[in-house]
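Below: one structure, written as structure tokens.
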2 protein chains.
Amino acid sequence: MFEIIAEPNRRAILSLLVSSQQSVGEVERQLRMPQPTVSKHLRVLREAGFVESTVDAQRRLYRLKPEPLQEVDAWLAPFRRFWSAHVDALERHLDRMDQKTPTKRKTRRRR
Amino acid sequence: MFEIIAEPNRRAILSLLVSSQQSVGEVERQLRMPQPTVSKHLRVLREAGFVESTVDAQRRLYRLKPEPLQEVDAWLAPFRRFWSAHVDALERHLDRMDQKTPTKRKTRRRR
DNA sequence: AGAGCATATACGTGTCAAGGTATATAAAGG
DNA sequence: CCTTTATATACCTTGACACGTATATGCTCT
């Protein structure tokens with residue numbers, strides 16, 4: 001999952017598909033990458049469940065599937081808790097600074 | 001950034017550090033990986049800004065830094081909008097189903 | 001049926017990164 | 001000092017993967 005999105009071209013493709021579905025040729029043109037490259041990355045993305053495709057005559061339309069990126073999001077959850085705790089600690093620290101050196105301030109602390 | 005967290009051992013190390021700072025030896029024992037492996041991954045993590053270290057006699061204590069993972073989080077933002085839009089669409093679809101085939105249900109739709 | 005377009009796949013090549021083993025650096029303690 | 005403990009680094013090997021080029025598959029339209 002993380003290996004999939006580690007590849008810059010694949011991230012570009014995903015970012016492109018977030019707005020709407022695209023054919024291989026459209027991706028090829030917008031991202032200016034050779035067609036086999038696009039096809040190969042789309043294959044990887046499809047097999048990993050990041051996208052799915054439907055057939056439209058000779059074209060294949062690829063669209064995003066939410067699940068894998070939701071898992072990435074879920075993995076981040078504990079870290080989000082960590083860094084919001086960090087911000088809190090910083091704020092408490094600044095509060096102490098405020099007490100020790102009472103100087104004119106505009107607005108601080110507005111929860 | 002994404003390359004960094006693509007490596008499973010590094011993700012394990014990050015997950016370990018989210019609770020509190022750890023020395024190299026503590027990581028080594030808890031994750032049961034050889035010491036050079038731990039040191040090398042920590043070096044990569046440090047150079048990418050995911051962790052920082054302080055010296056405690058012969059030990060080095062590594063702790064998490066929030067910024068890089070926050071960037072990952074930021075990259076995910078557009079996709080979050082995408083999949084919440086998707087849930088909404090699904091709900092609207094189910095609402096239509098409800099109207100067309102009015103059958104006994106326990107609880108549905110409780111925003 | 002044949003030409004042309006859209007997409008997929010096969011194959012060869014180069015690069016890079018992770019792991020293992022060995023060794024270096026450095027501080028602590030007897 | 002010398003040994004032990006803690007961590008970092010060097011070197012080598014191996015495997016995976018991304019790319020380019022060439023070719024195959026498959027659909028459409030005349």
Side-chain angles (χ1 to χ4, degrees), chain A residues 1-65 68-69 71-72 75, chain B residues 1-65 68-69 71-72 75:
Chain A
M1 230 178 44
F2 293 87
E3 312 256 346
I4 305 292
I5 60 174
E7 216 290 320
N9 292 318
R10 283 197 288 263
R11 285 203 303 282
I13 293 177
L14 290 174
S15 296
L16 192 59
L17 293 182
V18 75
S19 56
S20 77
Q21 61 177 7
Q22 307 278 340
S23 73
V24 176
E26 286 167 336
V27 175
E28 175 190 354
R29 281 184 289 277
Q30 299 185 56
L31 299 184
R32 289 204 177 79
M33 43 175 103
Q35 177 267 319
T37 301
V38 176
S39 282
K40 279 186 279 190
H41 284 309
L42 280 172
R43 188 218 236 275
V44 174
L45 288 170
R46 176 161 33 84
E47 289 177 346
F50 284 76
V51 303
E52 61 185 0
S53 70
T54 54
V55 179
D56 169 45
Q58 342 158 18
R59 335 204 137 169
R60 276 100 210 267
L61 298 178
Y62 283 84
R63 86 185 103 305
L64 222 56
K65 289 189 68 178
L69 284 175
E71 289 186 44
V72 175
W75 182 81
Chain B
M1 234 176 45
F2 293 87
E3 313 255 346
I4 305 290
I5 60 174
E7 217 289 321
N9 291 318
R10 283 196 287 264
R11 286 202 304 282
I13 293 177
L14 291 174
S15 296
L16 192 60
L17 293 182
V18 76
S19 56
S20 78
Q21 63 176 6
Q22 308 277 340
S23 73
V24 177
E26 286 166 335
V27 174
E28 176 190 353
R29 281 184 288 279
Q30 299 184 56
L31 300 184
R32 290 206 175 75
M33 44 174 104
Q35 178 266 321
T37 301
V38 176
S39 282
K40 278 187 281 188
H41 284 309
L42 280 172
R43 187 216 234 276
V44 174
L45 288 169
R46 174 162 33 83
E47 289 178 346
F50 284 76
V51 303
E52 61 185 1
S53 70
T54 54
V55 178
D56 168 44
Q58 342 160 21
R59 333 204 140 168
R60 275 100 210 267
L61 297 179
Y62 283 85
R63 90 191 96 281
L64 222 56
K65 289 189 69 179
L69 283 174
E71 288 186 45
V72 174
W75 181 81

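All chains are named by letter (A, B, ...) in the order of the sequence lines, taking the proteins before the strands, and each is independently numbered beginning at 1. Every value quoted in this text rests on a predicted model; they were computed, and no experiment measured them.
Residue contacts shown for E7(B) are limited to sugar-phosphate atoms, with no base heavy atom under 4.0 Å away.
For the pair R60(A) and K40(A), nearest-nucleotide mapping onto DNA chain C gives the more 5' position to R60(A).
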Would Q22(A) and S20(A) satisfy side chain to side chain contact (heavy atoms under 4.5 Å, CB included), going step by step from the backbone distance to the final call?
CA-CA 6 Å; Q22(A) 307 278 340; S20(A) 77; 3.5 Å; yes
Chi angles and distances behind the side chain to side chain contact (heavy atoms under 4.5 Å, CB included) call for L16(B), Y62(B):
CA-CA 11 Å; L16(B) 192 60; Y62(B) 283 85; over 6 Å; no
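Contact of the P34(A) side chain with the T37(A) side chain is registered, since non-hydrogen atoms from C-beta on lie closer than 4.5 Å. For the pair S23(A)/D56(A), no side-chain contact is recorded, criterion being any heavy-atom separation below 4.5 Å from C-beta on. Under the 4.5 Å side-chain criterion, counting only non-hydrogen atoms from C-beta, E26(A) is in contact with Q30(A). Between I5(B) and F50(B), the closest side-chain pair of non-hydrogen atoms falls below 4.5 Å. V51(A) places a side-chain heavy atom less than 4.5 Å from the side chain of L14(A).
Within the structure, every side-chain polar atom (N or O) of R43(A) is placed at least 4.0 Å from both OP1 and OP2 of dA8(C). In this structure, Y62(A) reaches the dA8(C) phosphate: one of its side-chain N or O atoms is under 4.0 Å from OP1 or OP2. Dashed line: the shortest gap from a side-chain N or O of H41(A) to OP1 or OP2 of dC17(D) is not under 4.0 Å.
Looking only at atom types and distance, the side chain of S53(A) has no donor-acceptor partner in the side chain of R63(A) under 3.5 Å away.
At a cut-off of 3.5 angstrom, the base of dA6(C) holds no donor-acceptor pair with the side chain of Q35(A).
DNA chain D lies under 4.0 Å from at least one heavy atom of each of the following residues of residues 48-59 of chain B: Q58(B), R59(B). Of all the residues in residues 10-32 of chain B, S23(B), V24(B), G25(B) reach under 4.0 Å from DNA chain D with at least one non-hydrogen atom.
Rounded to a whole Å, the CG atom of L42(A) is 13 Å from the P atom of dC19(D). A straight line from CG of N9(A) to P of dC17(D) spans 15 Å, rounded to a whole angstrom. For the pair R46(B) CZ and dT9(D) C1', the computed distance is 12 Å after rounding to whole Å. For L45(A) and dC17(D), the CG to P distance is 14 Å, given to the nearest whole Å.
Here the side chain of S39(B) is nearest to one of dA22(D), dA8(D), dT21(C), namely dA8(D). Comparing dG20(D), dC19(D), dA22(D) against the side chain of P36(A) picks out dA22(D) as the nearest.
With sequence neighbours excluded, the residues that form a salt bridge (charged side-chain N to carboxylate O under 4.0 Å, His left out) with R43(B) are E47(B).
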